[in-house]
Amino acid sequence: MIAAIDKLIAYWQYPFVRYAVVVGVLIALCSSLLGVTLVLKRFSFIGDGLSHVAFGAMAIAAVLKFTNRMPLIMVITIISAILLLRTGQNTKIKGDAATAMISVGALAIGYLLMNIFSASSNLSGDVCSTLFGSTSILTLSQADVWFCVIMAVLVVAIFILFYNKLFSVIFDEAFAKAIGVKVKFYNLLIAVVIAVIIVLAMNLVGSLLISALVIFPALSAMRIFKSFFGVTLCSAILSVVCALLGILTAVLGGTPVGSTIVAIQIAGFGGACLVGSILGGKKR
């Protein structure tokens with residue numbers, strides 16, 4: 001134990017470790033807020049679909065040789081999020097089918113473009129890092145960190161400022177519309193926030209594991225708490241703790257960051273289920 005602490009202190013001297021911890025905690029916090037919203041609105045699968053869209057957008061940015069790929073990825077993912085959340089009402093292709101179609105299509109096109117136009121000698125490694133977040137969180141620049149900080153602050157600010165409105169839209173759109181809430185605007189806001197978090201989370205856990213980062217903390221919190229505020233707060237705490245433990249474990253053990261975080265979240269979900277069953281038994 002002492003050796004592990006000494007090793008961690010030694011690693012802490014390196015900027016990339018500090019950057020990873022800061023960005024990981026911020027992304028985990030934002031993802032937990034987003035996760036509660038998606039689970040309650042039954043939009044869980046959209047996070048997975050948009051993560052594949054972000055992978056395809058990243059491939060396009062790489063082919064075009066953009067030095068800063070984040071703006072293009074963000075724009076494409078936001079547009080896709082808006083389109084997905086608007087499907088199902090006035091379209092022939094319903095929401096779940098549209099999500100699956102865009103998800104698989106973007107993933108296939110992205111991988112195809114990377115194979116055709118890539119100049120990298122380690123294509124498999126690049127793809128693996130993008131899909132599973134193997135090393136990307138440990139290669140962040142200071143500019144990347146500041147971008148994540150700004151985006152995280154905006155997401156948290158939006159959630160706090162529009163908490164009551166989002167609450168009403170999430171639980172009962174018909175009632176929210178009846179009392180004058182601009183439901184379409186807040187659904188659009190949710191779509192934009194989803195896209196922003198998906199793009200940021202790519203650096204932490206990779207495209208294929210983003211859904212776990214978004215969904216597990218919310219589901220774990222729901223096993224213990226029943227109120228919206230309690231679930232949101234517990235989800236945020238669990239997400240941050242799991243991300244922090246995952247990053248530190250990956251740094252010390254040399255394991256893939258994204259997979260390590262998800263493994264810890266699975267363990268956390270199991271613990272939450274146990275706690276929930278114990279608390280439920282006591283109430284009876």
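This one's a predicted model, so the numbers in the text were calculated from it and none came from an experiment. For the numbers below, each heavy atom of this structure counts, side chains included, while hydrogens, waters and symmetry mates do not. FYI, the numbering just counts along the sequence from 1.
- Considering only heavy atoms from C-beta on, C30 comes within 4.5 Å of V156 through its side chain.
- Atom OG in S235 sits 8.0 Å away from atom CE in M222 (nearest 0.5 Å).
- A donor-acceptor contact shorter than 3.5 Å links the side chain of S32 to the backbone of L29.
- To the nearest 0.5 Å, the span separating CD on Q265 from CD1 on I215 amounts to 10.5 Å.
- The minimum heavy-atom distance between R18 and Q13, with the atom names listed, is NH1-O, 3.2 Å.
- Under a hydrophobic-cluster definition in which Ile, Leu, Val, Met, Phe, Trp and Tyr are linked whenever side-chain heavy atoms come within less than 4.5 Å, directly or via other members, L238 and I266 are assigned to different clusters.
- Annotation: the span from I76 atom CD1 to I60 atom CD1 amounts to 4.5 Å, rounded to 0.5 Å.
- Ring-plane geometry between F228 and Y163 is classed as tilted, the angle between the planes lying from 30 to 60 degrees on a 0 to 90 degree scale.
- For the pair L233 and F225, the minimum side-chain heavy-atom distance is 4.5 Å or more.
- In this structure, the separation between CD1 on I237 and SG on C242 is 11.5 Å, given to the nearest 0.5 Å.
- Side-chain heavy atoms closer than 4.5 Å link hydrophobic residues (I, L, V, M, F, W, Y) into clusters, and following such links, possibly through other members, connects V214 to V23.
- Looking at heavy atoms from C-beta onward, F269 lies in side-chain contact with R223 at the 4.5 angstrom threshold.
- Nearest heavy atoms, A57 versus L72: O-CD2, 4.5 Å.
- Atom CZ of F162 is separated from atom CD1 of I190 by 11.5 Å, given to the nearest 0.5 angstrom.
- The distance from atom CG of L26 to atom CD1 of I197, rounded to the nearest 0.5 Å, is 9.5 Å.
- Connection of V181 to L189 is established within a shared hydrophobic cluster, with ILVMFWY side chains joined at heavy-atom distances below 4.5 Å, either directly or through further cluster members.
- Among the candidates T77, L154, I78, the single residue satisfying the side-chain contact (heavy atoms from CB on, under 4.5 Å) test with V192 is I78.
- The side-chain heavy atoms of I27 and L213, taken from C-beta on, include a pair separated by under 4.5 Å.
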Where do L245 and T260 land on the side chain to side chain contact (heavy atoms under 4.5 Å, CB included) test, with the steps shown first?
CA-CA 9 Å; L245 288 176; T260 305; over 6 Å; no
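- Of the possible polar contacts, one joining the S277 side chain to the L274 backbone as a donor-acceptor pair under 3.5 Å is found.
- Taking 4.5 Å as the limit, every side-chain heavy atom of F147 sits out of range of all side-chain heavy atoms of Q142.
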